[in-house]
**Q** 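Here it is, the structure, as structure tokens.
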Amino acid sequence: MSSVSSQPQFRYTQPPSKVLHLRNLPWECTEEELIELGKPFGTVVNTKCNVGANRNQAFIEFEDLNQAIQMISYYASSSEPAQVRGKTVYLQYSNRQEIVNNKTTADVVGNVLLVTIEGEDARMVSIDVLHLVFSAFGFVHKITTFEKTAGYQALVQFSDAETATSAKNALDGRSIPRYLLPEQVGQCSLKITYSAHTDLTVKFQSHRSRDYTNPYLPVAPSAIDSTGQVTVGVDGKKMEPESNVLLASIENMQYAVTLDVLHMVFAAFGAVQKIAMFDKNGGLQALIQYPDVQTAVVAKEALEGHCIYDGGFCKLHITYSRHTDLSIKVNNDRSRDYTMPNPAVPMLQQPVQNPYAGNSQQYHAAGGSHHQQQQQPPQGGWAQQGGQGSMGMGGHNPYMAPPSSGSMHQGPGGHMPPQQYGGPGPMH
DNA sequence: AGCACA
């Protein structure tokens, strides 16, 4: 338990630094003027002006700490405040020890724009709206948004500088069209400069950043080290050790999700050993057990947040379960142990026997045409071979069409998943 | 009027 240094972040007096932070500058302020301002006290070795959203802040770095102290001391007791172009300038020690000069400031034309969204409700502007606005000028590769002292900002990446320039010329200083904003959102205007970036790094698709060149979004492929960034709950709870058992909850369940459907989805990443479904506060949840943690990690990363059916239906939310081995007492339509060749099923004889018989095939197809409905709820799809499936690697497109539109037929011996859902697909 | 493009 190392005690966190409880140093207050806000101090009215910064400790001395060679670097001074200036504010309330006129926006036209130049480096020359900053040097003039500091010259009486020492040698100004670096400056940075036009800082911040309003371009009214600046930094001066002296050669020597004492010179900075001289300047601060002088104006602390002077009756005449420091001024630039007749405007009073406020000085203090910077909280940094040197100016970092990205000497490539805002004039270098590039393919990435730095956009500051200004307005009361600036941060009500979603990344999707930004995407829409900037897409008018060309393909938008990536967008990241962030909140800083400058306000709500975004970096918008185009393929080339020409496209970015046309967007900048058209949009800089303009307001986001009203019809793109929710009713209650006030005017939001855009201030645009070039960014020095050429290629943004977007690790995750999220409400804060998007990579439109990489639709198969979710997370890093490296299953092994999914560095603690597990499901960052709103409260930032990072505890949730990986497990070979996943807990899936299903939102927006417009279609019934059966055991077989779940099996189909999760088997795309590796052998599924057991599944148990249950209702939890009004929703459906399921525990899915893999033989190993790695498989579960891959499946989780690929499936989290995705929908079983197109159109946002049956959205999966996946976390790691605390279980490591499910105890399936009975195979029925809610729970199944795929490692048991022929478990006792008290209720009725299963029509499709012995999963080992015909080298079973896994479900590839989507919920599949349910023409010849075999009304066989409980024992429906035994298609899965026990133990190890032939599907070693994960990462296959687990996304499926809605029940009715995915019409791939099962091959020989194709077992339709039980069609408890009678509902038509969304296309109908 | 309060610290720089994550």
Side-chain angles (χ1 to χ4, degrees), chain A residues 7-27 29-31 34 38 44-62 68 71-72 75-76 81-118 122-123 127 130 134 141-158 164 168 172 190-211 227 229 232 236:
Chain A
Q7 209 170 33
Q9 213 58 316
F10 299 103
R11 38 171 78 238
Y12 294 96
T13 61
Q14 291 286 341
S17 164
K18 288 185 303 185
V19 182
L20 302 184
H21 175 228
L22 319 197
R23 52 188 198 272
N24 199 40
L25 290 157
W27 61 269
C29 180
T30 64
E31 301 210 343
L34 294 178
V44 175
V45 295
N46 206 349
T47 65
K48 192 181 181 79
C49 56
N50 304 323
V51 165
N54 298 326
R55 317 260 153 176
N56 61 358
Q57 298 178 47
F59 297 91
I60 295 177
E61 180 176 341
F62 282 101
M71 185 169 183
I72 291 292
Y75 284 112
Q83 288 185 211
V84 170
R85 303 194 188 199
K87 245 190 131 185
T88 295
V89 174
Y90 300 89
L91 297 174
Q92 68 182 158
Y93 296 114
S94 171
N95 56 21
R96 307 214 192 175
Q97 290 308 118
E98 62 180 6
I99 292 178
V100 296
N101 255 353
N102 291 347
K103 206 39 192 172
T104 53
T105 33
D107 329 62
V108 180
V109 177
N111 65 317
V112 178
L113 299 177
L114 171 63
V115 181
T116 305
I117 300 103
E118 300 184 323
R123 66 192 58 100
I127 197 166
L130 292 175
F134 284 89
H141 287 224
K142 302 174 184 176
I143 298 181
T144 66
T145 63
F146 46 95
E147 187 93 33
K148 282 214 342 247
T149 54
Y152 180 52
Q153 294 187 302
L155 290 163
V156 180
Q157 177 177 342
F158 286 101
K168 178 177 183 292
D172 191 14
L190 304 173
K191 274 200 181 163
I192 305 178
T193 61
Y194 292 105
S195 162
H197 285 98
T198 57
D199 192 16
L200 305 174
T201 302
V202 173
K203 296 208 187 80
F204 316 105
Q205 310 282 33
S206 74
H207 61 295
R208 310 198 55 199
S209 61
R210 298 284 169 78
D211 181 346
T227 55
Q229 26 81 11
V232 275

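Convention: sequence-line order gives letters A, B, ...; per-chain numbering from 1.
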**Q** Using atom CZ of Arg23(A) as one end and atom C1' of dA1(B) as the other, report the distance to the nearest whole Å.
**A**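 Result: 5 Å.
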
**Q** In whole angstrom, give the distance that lies between atom CG of Asn50(A) and atom P of dC5(B).
**A** 11 Å

**Q** So, do Thr145(A) and Ile117(A) sit near enough that their side-chain heavy atoms are less than 4.5 Å apart?
**A** no

**Q** Quick one: does Arg96(A) reach the base of dA4(B) with a side-chain donor-acceptor pair under 3.5 Å?
**A** yes

**Q** Of the nucleotides dA6(B), dC3(B), dA4(B), which has the atom closest to the Ile99(A) side chain?
**A**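 The answer is dA4(B), which lies nearest to the side chain.
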
**Q** In whole angstroms, how far is the P atom of dA6(B) from the OH atom of Tyr152(A)?
**A** 16 Å

**Q** Classify Thr201(A) by what it touches in the nucleic acid, base, sugar-phosphate, or nothing, heavy-atom distance under 4.0 Å.
**A**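 Touches a base.
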
**Q** From dA1(B), dC5(B), dA6(B), pick the nucleotide closest to the side chain of Asn24(A)?
**A** dA1(B)

**Q** Does the side chain of Val44(A) reach to within under 4.5 Å of the side chain of Met71(A), using non-hydrogen atoms?
**A**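 Heavy-atom side-chain distance check fails, nothing below 4.5 Å.
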
**Q** Can you tell me how far P of dC3(B) sits from CG of Asn54(A), to the nearest Å?
**A** 12 Å

**Q** Please tell me which of the listed nucleotides, dA1(B), dA4(B), dC3(B), lies nearest to the side chain of His21(A)?
**A** dC3(B)

**Q** CG of Asn95(A) versus P of dA1(B): gap in Å, rounded?
**A** 20 Å

**Q** Starting at atom CG of Leu114(A), determine the distance to atom P of dA6(B), rounded to an integer number of angstrom.
**A** 10 Å

**Q** If you assign Lys87(A) and Val19(A) each to the DNA chain B nucleotide with the nearest heavy atom, which residue ends up on the more 5' nucleotide?
**A** Lys87(A)

**Q** Which nucleotide, dA4(B), dA1(B), dA6(B), lies nearest any side-chain atom of Leu155(A)?
**A** dA6(B)

**Q** Taking the side chain as every heavy atom from C-beta outward, state whether Phe59(A) and Leu34(A) have any atom pair closer than 4.5 Å.
**A** no

**Q** Going by side-chain contact (heavy atoms from CB on, under 4.5 Å), name the residues that satisfy it together with Ile72(A), two or more places apart in sequence or in a different chain.
**A** Leu20(A), Leu91(A), Tyr93(A)

**Q** Expressed in angstrom and rounded to an integer, what is the separation of Tyr93(A) atom OH from dA4(B) atom C1'?
**A** 20 Å

**Q** Listing request: all salt bridge (charged side-chain N to carboxylate O under 4.0 Å, His left out) pairs with a residue in residues 85-96 of chain A, at least two apart in sequence or in separate chains.
**A** Glu33(A)-Arg85(A)

**Q** Kindly point out which of dA4(B), dC5(B), dC3(B) is positioned nearest to the side chain of Gln153(A)?
**A**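 Taking heavy atoms from C-beta onward, the closest nucleotide is dC5(B).
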
**Q** From dC5(B), dA1(B), dA4(B), pick the nucleotide closest to the side chain of Val100(A)?
**A** dA4(B)

**Q** For the side chain of Ser94(A), starting at C-beta, report the closest nucleotide among dC5(B), dA4(B), dA1(B).
**A**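 In terms of side-chain proximity for Ser94(A), the closest of dC5(B), dA4(B), dA1(B) is dA4(B).
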
**Q** What is the distance from CD of Gln14(A) to C1' of dC3(B), rounded to the nearest Å?
**A**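 Distance, rounded to whole Å: 8 Å.
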
